[in-house]
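Contents: one structure, followed by commentary.
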Protein chains: 2
Amino acid sequence: MSVQITREADYAIRCILHLVGLDGGMSTVRNIADRESIPRSFAAKIVQKLTKAGLVESVRGVKGGFRITRSPEEISLLDVIEAVEGPISMNICVLDKKSCDRQPQCPVHPCWVEITESIRERLGSYTFERILRESGR
Amino acid sequence: MSVQITREADYAIRCILHLVGLDGGMSTVRNIADRESIPRSFAAKIVQKLTKAGLVESVRGVKGGFRITRSPEEISLLDVIEAVEGPISMNICVLDKKSCDRQPQCPVHPCWVEITESIRERLGSYTFERILRESGR
DNA sequence: ATATATAGGACTGATTTTATCCTATTTATC
DNA sequence: GATAAATAGGATAAAATCAGTCCTATATAT
Ligand code: SF4
Ligand code: SF4
């Protein structure tokens with residue numbers, strides 16, 4: 001199962017997909033969760049993280065909710081995943097060299113640095129504009 | 001931490017690196033574990049998996065141990081990782097479409113299929129011959 | 001005032017990761 | 001044949017992470 005994104009990240013992408021679809025309109029957690037099949041209280045945690053990352057903004061109180069802050073071509077899968085999971089990497093030594101004392105001589109370490117960079121690039125290339133365009137909406 | 005390979009997979013790569021370095025020679029679990037800084041009993045489990053996957057072969061009894069079965073250009077990081085972790089994918093729906101009932105209409109699903117294939121390709125391109133060559137041995 | 005929303009932290013159960021340990025089996029050597 | 005050194009494989013367990021809930025505080029439209 002490893003090397004997979006978490007349910008939280010998958011849910012976060014659904015949230016953004018939902019809000020992008022509203023074209024700047026607002027939606028409540030209840031709405032997002034129900035429409036995107038996400039447990040309500042879990043969805044609440046997730047949109048909070050998305051808010052802190054600046055991908056969405058929140059309005060409190062009656063008539064409150066969340067709305068997207070950027071246009072679909074300015075948000076990528078990488079943005080959303082890293083908003084909820086933090087910086088991603090293929091091996092622990094990429095983010096923290098000191099985590100492994102073999103790193104200085106390790107012949108595999110550079111591979112993970114390169115593969116991580118390549119994945120981040122690819123995830124970054126999938127903007128929501130592109131995702132929707134390629135799926136035909 | 002998600003999207004990372006496990007310690008088990010990292011250890012497995014160290015095991016193969018060790019055996020490749022012996023150029024067809026044999027080594028015991030004790031030897032591999034001690035030289036590659038892997039807990040002994042964990043290393044024992046790992047080389048068993050590598051044996052089942054056909055990457056190494058085992059000899060039982062006194063003077064027994066493990067030796068590599070292929071040349072370094074015929075073993076890639078992908079081979080080793082999938083030997084211990086099974087087939088990898090970036091999201092659950094890639095390996096098992098039925099795991100998510102949104103899959104048929106999901107605009108993101110094709111992204112994960114494509115990204116998974118791209119990662120598998122890149123991991124497959126890192127043979128141990130290449131890893132050693134690029135590290136300068 | 002009240003009802004409806006988000007903010008945020010504490011908590012929990014389930015699952016996975018990261019091992020350890022034990023018994024059985026194989027085999028070289030004395 | 002006995003013995004010592006090795007792998008095979010299953011059972012078990014501690015720790016960490018994941019997935020999700022719950023509760024209180026705060027904001028705001030009506
Ligand atoms: S052994 Fe090499 S690849 Fe593995 S964690 Fe250490 S530095 Fe990274
Ligand atoms: S929502 Fe889409 S991307 Fe996420 S698991 Fe389901 S099919 Fe896959």
Side-chain angles (χ1 to χ4, degrees), chain A residues 1-15 19 25-34 36-69 81 84-86 88-89 91-92 99-100, chain B residues 1-15 19 25-34 36-69 81 84-86 88-89 91-92 99-100:
Chain A
M1 292 293 175
S2 138
V3 194
Q4 284 186 6
I5 61 165
T6 57
R7 283 313 79 205
E8 187 180 24
D10 192 86
Y11 292 160
I13 292 165
R14 298 187 201 181
C15 291
L19 293 175
M26 279 216 317
S27 187
T28 63
V29 165
R30 173 186 298 257
N31 232 282
I32 298 170
D34 291 356
E36 301 297 326
S37 323
I38 305 168
R40 277 185 195 170
S41 49
F42 201 10
K45 293 274 94 149
I46 291 168
V47 289
Q48 263 183 59
K49 286 190 184 178
L50 296 175
T51 304
K52 282 193 174 169
L55 300 181
V56 307
E57 65 184 8
S58 68
V59 176
R60 297 173 73 158
V62 180
K63 298 275 179 187
F66 297 86
R67 78 165 66 88
I68 205 89
T69 58
I81 294 169
V84 297
E85 302 199 342
I88 66 175
S89 74
N91 204 342
I92 183 124
S99 64
C100 178
Chain B
M1 293 295 176
S2 137
V3 195
Q4 283 187 7
I5 61 165
T6 59
R7 282 314 80 206
E8 188 181 23
D10 193 85
Y11 292 160
I13 291 165
R14 297 187 200 180
C15 290
L19 293 174
M26 280 215 317
S27 187
T28 63
V29 165
R30 173 187 298 256
N31 233 282
I32 298 170
D34 291 357
E36 301 297 324
S37 322
I38 306 168
R40 275 186 197 172
S41 51
F42 201 9
K45 295 273 94 149
I46 291 168
V47 289
Q48 263 183 59
K49 285 189 185 179
L50 296 175
T51 304
K52 282 193 175 169
L55 299 181
V56 307
E57 64 184 7
S58 68
V59 175
R60 296 175 73 159
V62 181
K63 299 276 180 183
F66 297 85
R67 79 165 67 86
I68 205 91
T69 58
I81 294 168
V84 298
E85 301 199 343
I88 66 175
S89 74
N91 203 343
I92 184 122
S99 64
C100 179

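No hydrogens, no waters, no symmetry mates; every other heavy atom, side chains included, goes into these values. Residue numbers start from 1 in every chain, and the chains themselves are labelled A, B, ... in the order their sequence lines are given, proteins ahead of strands.
L50(B) has its side chain within reach of C15(B): a pair of non-hydrogen atoms, C-beta onward, lies under 4.5 Å apart. Within the 4.5 Å cutoff, side-chain heavy atoms of V56(B) are placed close to those of L19(B). Taking the side chain as every heavy atom from C-beta outward, I46(A) and I32(A) never approach each other to under 4.5 Å.
Note: CZ (F66(B)) to P (dA6(D)) measures 12 Å, nearest angstrom. To the nearest angstrom, C1' of dA5(D) lies 13 Å from CG of N31(B). The distance between atom CD of E57(A) and atom C1' of dA27(D), rounded to the nearest whole Å, is 16 Å. Summarising the geometry, the separation between CE on M26(B) and C1' on dT27(C) is reported as 11 Å, rounded to the nearest angstrom. If you take CD1 of I46(B) and P of dT17(C), they are 13 Å apart, rounded to a whole angstrom. Remark: P of dT4(C) and NZ of K63(A) are 12 Å apart, rounded to the nearest angstrom. If you measure from atom CZ of R14(B) to atom C1' of dT18(C), you get 13 Å, rounded to the nearest angstrom. Distance CD (E85(B)) to P (dT17(C)): 7 Å, rounded to an integer number of Å.
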- prompt: How does protein reach along nucleotides 11-25 of chain D, written 5' to 3' as B (base within reach of a heavy atom under 4.0 Å), S (only sugar-phosphate), or - (no contact)?
  reply: -------SSBB----

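Side-chain contact check for E57(B) and T69(B): no donor-acceptor pair (N or O, by modelled atom type) lies under 3.5 Å. Between the side chains of E85(A) and T6(A), a donor-acceptor pair is found at a separation under 3.5 Å.
The side chain of V62(A) sits closest to dA3(C) out of dT6(C), dA3(C), dT7(D).
Mapping A44(B) and G61(A) onto DNA chain D by nearest heavy atom places A44(B) closer to the 5' end of the strand.
Taking 4.0 angstrom as the limit, T28(A) places none of its side-chain polar atoms (N or O) nearer than this to OP1 or OP2 of dT4(C).
Within the 4.0 angstrom heavy-atom criterion, no nucleotide atom of any strand lies near K49(B). Residue V47(A) is classed as having no contact, given no heavy-atom separation below 4.0 Å to the nucleic acid.
A salt bridge does not link D34(B) to R30(B): none of the charged side-chain nitrogens sits closer than 4.0 Å to a carboxylate oxygen. A salt bridge between K49(A) and E8(A) is present, with a side-chain N of the basic residue lying under 4.0 Å from a carboxylate O of the acidic one.
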